[in-house]
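Scroll down for the structure; my scribbles are underneath it.
As a basis for the values below, the full set of heavy atoms in this structure was taken, side chains included, without hydrogen atoms, waters or symmetry mates.
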Amino acid sequence: MTTITTAFKDAVHDSQQCFRLLLKAMSEPGEIVTLEMSEGFGAMHKAATQTLLSLSDNATPIWLSESHLKDAAIRENIRFHCGCPVTERQNSASFAVIAEQDLADFDWNNTTFSLGCEEYPDQSTTVIVELGSLTNGSDANSSKGSLTLTLSGPGIESQSVLNIGAVSQAFQLFLQERLEHFAFPLGMDLILVSDESIACLPRTTLVEVNSCM
């Protein structure tokens with residue numbers, strides 16, 4: 001029985017629209033955009049699926065966290081619609097998707113995702129992280145136990161505030177300390193998604209983490 005589902009209804013137009021929105025999100029860190037041109041593959045969030053449909057091809061291996069890797073619908077639709085291989089080696093992946101259900105136990109200290117190199121920093125792994133919620137707003141507007149990120153750096157006029165819901169302590173530390181571990185231009189660009197919503201944290205973005213008690 002096939003698990004292949006539909007992707008973009010208009011492959012050219014929809015992928016171009018998604019690409020423009022992704023470009024906006026990457027150039028304006030913390031700005032939330034909505035991708036609503038396709039459903040998700042299997043249990044994958046809609047925005048994560050549309051990001052892969054827009055950016056990946058047969059030259060961009062994809063790494064999936066455990067839950068997504070076990071989902072035949074996700075694997076088969078990625079191969080069919082995107083034409084790209086699914087790799088089990090983090091350092092060979094152009095894109096990685098960390099499932100919402102795997103985020104709590106994900107070991108950020110021992111990842112081997114590619115950081116690029118001085119000559120080709122663009123060869124780093126772009127990591128897509130699925131979240132339970134993703135909204136703009138300050139601590140006053142955030143639910144108990146959620147995490148608020150105050151962002152600054154290139155593409156942000158002053159500061160941008162992003163609420164990413166309740167996440168693990170390990171992910172909090174990674175967000176706060178990642179610039180200390182990776183010397184620019186090396187690093188990982190992060191794409192945060194929740195359902196149809198998406199916000200980007202390029203490697204140049206400074207992140208201040210604030211937990212809401």
Side-chain angles (χ1 to χ4, degrees), residues 22 24-33 45 47-48 51 63-67 90-91 93-118 121-195 197-213:
L22 286 165
K24 175 179 175 61
M26 188 62 75
S27 61
E28 301 176 26
E31 178 74 16
I32 294 178
V33 301
H45 285 216
T51 298
W63 181 90
L64 302 171
S65 67
E66 185 176 4
S67 295
Q90 291 183 346
N91 61 0
S94 298
F95 296 95
V97 185
I98 300 174
E100 179 185 347
Q101 53 267 50
D102 296 332
L103 183 58
D105 298 319
F106 189 77
D107 187 357
W108 290 94
N109 290 325
N110 293 304
T111 61
T112 58
F113 295 127
S114 174
L115 303 178
C117 61
E118 294 283 346
D122 59 311
Q123 292 182 351
S124 64
T125 304
T126 298
V127 182
I128 302 169
V129 181
E130 295 183 343
L131 304 169
S133 66
L134 180 64
T135 58
N136 285 123
S138 63
D139 291 349
N141 299 320
S142 303
S143 60
K144 182 178 179 180
S146 63
L147 194 72
T148 295
L149 309 180
T150 301
L151 313 177
S152 59
I156 304 172
E157 184 174 351
S158 177
Q159 290 184 332
S160 178
V161 178
L162 195 65
N163 186 274
I164 62 172
V167 297
S168 67
Q169 183 69 26
F171 188 45
Q172 294 182 39
L173 290 174
F174 173 77
L175 290 173
Q176 197 159 23
E177 300 175 358
R178 65 185 183 129
L179 295 187
E180 299 174 12
H181 298 303
F182 312 134
F184 185 81
L186 278 63
M188 287 183 286
D189 298 320
L190 300 181
I191 298 178
L192 308 180
V193 304
S194 181
D195 193 27
S197 299
I198 185 168
C200 295
L201 299 180
R203 67 194 67 186
T204 54
T205 301
L206 302 174
V207 178
E208 179 182 341
V209 174
N210 303 287
S211 296
C212 300
M213 304 303 291

- Message: I need the K24 NZ to I32 CD1 distance, nearest 0.5 Å.
- Response: 12.0 Å

- Give the minimum heavy-atom separation between Q90 and T112, together with the two atoms involved. OE1-N, 2.7 Å

- Item | Close side-chain approach of S160 and E31, heavy atoms under 4.5 Å | no

- Message: If I compare all heavy atoms of A99 with all of S65, which pair ends up nearest, and what's the gap?
- Response: N-OG, 2.9 Å

- Message: Checking L147 against N163 for the side-chain contact (heavy atoms from CB on, under 4.5 Å) test, could you report, in this order, the C-alpha distance in whole Å, the side-chain angles of both residues, the deciding distance, and whether it holds?
- Response: CA-CA 6 Å; L147 194 72; N163 186 274; 5.9 Å; no

- Query: Hey, does L131 have a side-chain heavy atom less than 4.5 Å from the side chain of H45?
  - Reply: no

Let me have the donor-acceptor pairs involving side chains of residues 164-176, under 3.5 Å, with sequence neighbours excluded, atom names and distances please.
unit_1	atom_1	unit_2	atom_2	d
S168	OG	F171	N	3.2
Q172	OE1	S211	OG	3.4

- Check the angle between the aromatic planes of F113 and W63 and answer parallel, tilted or perpendicular using the 30° and 60° thresholds. perpendicular

- Judged by atom type as modelled, is there a donor-acceptor pair below 3.5 Å linking the side chain of N136 to the main-chain atoms of V161? yes

- Item | Beyond-backbone contact of L151 with L206, side-chain heavy atoms, under 4.5 angstrom | no

- Item | Interatomic distance, T150 atom OG1 to L162 atom CG [nearest 0.5 angstrom] | 9.5 Å

- Item | Pairwise side-chain contact, I128 with I98, heavy-atom cut-off 4.5 Å (strictly under) | no

- Message: Just verifying a value: how many Å separate N91 CG and S124 OG, rounded to the nearest 0.5 Å?
- Response: 13.0 Å

- How far does CZ of R178 sit from CG of L115, to the nearest 0.5 angstrom? 11.5 Å

- Item | For A25 against C200, the heavy-atom pair lying closest together | O-CB, 3.4 Å

When the side chains of residues 181-189 are checked against the rest of the protein, which donor-acceptor pairs come out under 3.5 Å, sequence neighbours left out?
unit_1	atom_1	unit_2	atom_2	d
D189	OD1	R203	N	2.8
D189	OD1	R203	NE	3.2
D189	OD2	R203	NH2	3.2

- Does the T125 side chain pair with the main chain of S114, one donor and one acceptor, at a distance under 3.5 Å? yes

- Message: Can you pull out every salt bridge (charged side-chain N to carboxylate O under 4.0 Å, His left out) where at least one residue sits in residues 102-111? Sequence neighbours excluded, please.
- Response: none

- Item | Test log, rule side-chain contact (heavy atoms from CB on, under 4.5 Å), inputs V127 and T111 | CA-CA 11 Å; V127 182; T111 61; over 6 Å; no

- Item | Test log, rule side-chain contact (heavy atoms from CB on, under 4.5 Å), inputs F95 and I191 | CA-CA 10 Å; F95 296 95; I191 298 178; 5.6 Å; no

- Message: Testing the basics here: between S194 and L134, what is the closest heavy-atom pair and its distance to 0.1 Å?
- Response: CB-CB, 3.8 Å

- Message: Does V97 form a side-chain contact (heavy atoms from CB on, under 4.5 Å) with E130? I'd like the steps, not just the answer.
- Response: CA-CA 8 Å; V97 185; E130 295 183 343; 4.1 Å; yes

- Message: If you compare all heavy atoms of I198 against all heavy atoms of A47, which two are closest, and at what distance to 0.1 Å?
- Response: CB-CB, 4.4 Å

- Has Q101 got more than 12 heavy atoms of other residues, nucleotides or ligands less than 6.0 Å from its CD? yes

